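Notes to accompany the following structure.
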2 protein chains.
Amino acid sequence: MMSATSFTGVSHTPKAVLVDRTNCLHALFSKQPAEYLVAGQSLFFEGDDANHVFEVLDGTLRIFRIISDGRRVITGFLDAGDVIGVSLREHYLYSAEAITPSTVRRLPRRYFDSAVASNDELRPEVFAQVCDEMAAAQDQMVLLSCKSAEERLCSFLLKYLKRTIGPSERPATIELPMSRQDMADYLGLTIETVSRTVTKLTTKGVLSFENPGMRHSIRIERQGMLAQLAGDGDEYGDPRRDLIVYGERRRH
Amino acid sequence: MMSATSFTGVSHTPKAVLVDRTNCLHALFSKQPAEYLVAGQSLFFEGDDANHVFEVLDGTLRIFRIISDGRRVITGFLDAGDVIGVSLREHYLYSAEAITPSTVRRLPRRYFDSAVASNDELRPEVFAQVCDEMAAAQDQMVLLSCKSAEERLCSFLLKYLKRTIGPSERPATIELPMSRQDMADYLGLTIETVSRTVTKLTTKGVLSFENPGMRHSIRIERQGMLAQLAGDGDEYGDPRRDLIVYGERRRH
DNA sequence: CGGTCAATTGATGTAGTTCAAGGTTAGTGG
DNA sequence: CCACTAACCTTGAACTACATCAATTGACCG
């Protein structure tokens, strides 16, 4: 029952060409028809029966929860290559919406589960996926627990920077598909604070904009400084390692 | 290779007697010797090679990360029945320490992995474990993103309340094994704020203390009010459901 | 051009942090 | 038994980072 074909020429071939080994997770989806979402379109809602697992082929989605007073918490962004809904049981824990026009493929959960259960090559890949998801959640918790607005924004930009290009290329430009409001809801800030922090980083010379109109493409002028300001503590040449200094621990 | 025995009378039988079906996750650990930890003792450190998976038999542990400036972020507490280290790859993402005197059993990761891979009854259980972990992480992100100090504390107490007793028993008492500092580091607050919020809830009549000395055993006087103040929006009789009111969304 | 929507900027408010000072309990050693 | 120290928790006063409220700008569009 396993998809053993590779790169079957489905009519709608998306822009993002992913690695296509036989028996990899991507191959599992490759037989399914592509589905197109317009910007803002929902894929599923929090609380729905979790009947499908999705692979993102193109575009960016946001996953989020709406809490009682109407506020929105974005728990993650998903890009080409990401898989949605692996670590779920009965119901979706969050809603998923396209930010940009996006392409996805879906697989019935029961099919996905049995395929993974019966395939020794697939299982580690799914496991790795879940581990990454968990690690990302941990990082986000640290970010939300401790970091200042500036640190949050810098961490966010740094993550996108690492994702988009290799660590070379001096004045690198990153394209943020999401709005300021999305960023705010992801970073646990308000839109105003995000905006103010962006301008502060601009005046510091960390960022710049090609032309003032394109507020979603950000040029990183000083990668090193960005990493410093992100405050993850593991940037270049941290001399002490596994020498944990307990002691003064204050501030939140 | 699978442990097919059930309830082998190992010399060190812990206090907490867990369900012991054949082939369940607990049975997998049951052959291993019990290890005892004194309060404050470390089980492993963030960054160590993740060579073992642990089952907690008794006591409470904290898992946490120390960030660059010395602050500590507690990402979870673990009690009897919990398993540590499933969703990890190369290295531990956090340190683990006993809060109270604790008992654990350990299993080499490679043994654990192969046992889970080859056993169709074990896999869903591990999967469920990971899903719960993920769901908890999501909830924590929401808590840290949006909630006020009072909401955070109430959510925390409510979780402990649900865990310890059935939803009956009017003036229920919960035993918190961790210090105020632990609570603060878990809730993304300072110790002072936790302390102040506890007293505020006391004056509101939500909580009380048997005698002022025992600050770790808290009597919940008004469960309903606690649930209200936790602000999860899903407590008793929320009339509107799947009628999501978009619109005014502010505050953080 | 008016209308809408996203982003920015300014002015003000406040929840929670920070700094500092008790207070309580428990352990230790005279 | 009582001083003596050390955790741990609580309380008070002042400060600050961020939220909130409100107004402005700029881009896009029929």
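Given the structure is predicted, the values throughout are model-derived calculations rather than measurements. First the proteins, then the strands, lettered A, B, ... as listed; each starts at 1.
Rounded to whole Å, atom C1' of dA15(C) lies 12 Å from atom CD of E150(B). Rounded to whole Å, the distance from CG on L201(A) to C1' on dT8(C) is 15 Å. For the pair K147(B) NZ and dA15(C) C1', the interatomic distance rounds to 17 Å; values are reported in whole Å. The separation between L153(B) atom CG and dA15(C) atom P is 17 Å, rounded to whole Å. In this entry the distance linking NZ of K200(B) with C1' of dT11(D) reads 15 Å, nearest Å. One interatomic measurement links the two molecules: CG of L143(B) to P of dG16(C), which rounds to 12 Å at whole-angstrom precision.
Considering only residues two or more places apart in sequence or on other chains, R65(B) meets the side-chain contact (heavy atoms from CB on, under 4.5 Å) condition with Q138(A), D139(A), V142(A), E46(B), Y94(B). With sequence neighbours excluded, the residues forming a ring pair (Phe, Tyr, Trp, His ring centres under 6.0 Å) with F77(A) are Y186(A), listed by chain and number. For S155(A), the side-chain contact (heavy atoms from CB on, under 4.5 Å) test picks out L143(A), K147(A), A230(A), D232(A), with sequence neighbours left out. For Y92(B), the ring pair (Phe, Tyr, Trp, His ring centres under 6.0 Å) test picks out F44(B), with sequence neighbours left out.
E151(A) approaches C146(A) most closely through the heavy-atom pair OE1-O, 4.3 Å.
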Dump every N/O contact between nucleotides 7-10 of chain D and the protein below 3.5 Å, one line per pair.
| residue | atom | partner | partner atom | Å |
| --- | --- | --- | --- | --- |
| dC9(D) | OP1 | R180(B) | N | 3.3 |
| dC9(D) | OP1 | H216(B) | NE2 | 3.0 |
| dC9(D) | OP2 | R180(B) | N | 3.2 |
| dT10(D) | OP1 | R180(B) | NH2 | 3.4 |
| dT10(D) | OP1 | R215(B) | NE | 3.0 |
| dT10(D) | OP1 | R215(B) | NH2 | 2.6 |
| dT10(D) | OP2 | R180(B) | NE | 2.9 |
| dT10(D) | OP2 | S195(B) | OG | 2.7 |
| dT10(D) | O5' | S195(B) | OG | 2.9 |

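For residues 73-83 of chain B, every residue pair satisfying the salt bridge (charged side-chain N to carboxylate O under 4.0 Å, His left out) rule, not counting sequence neighbours, is listed here: D79(B)-R163(B).
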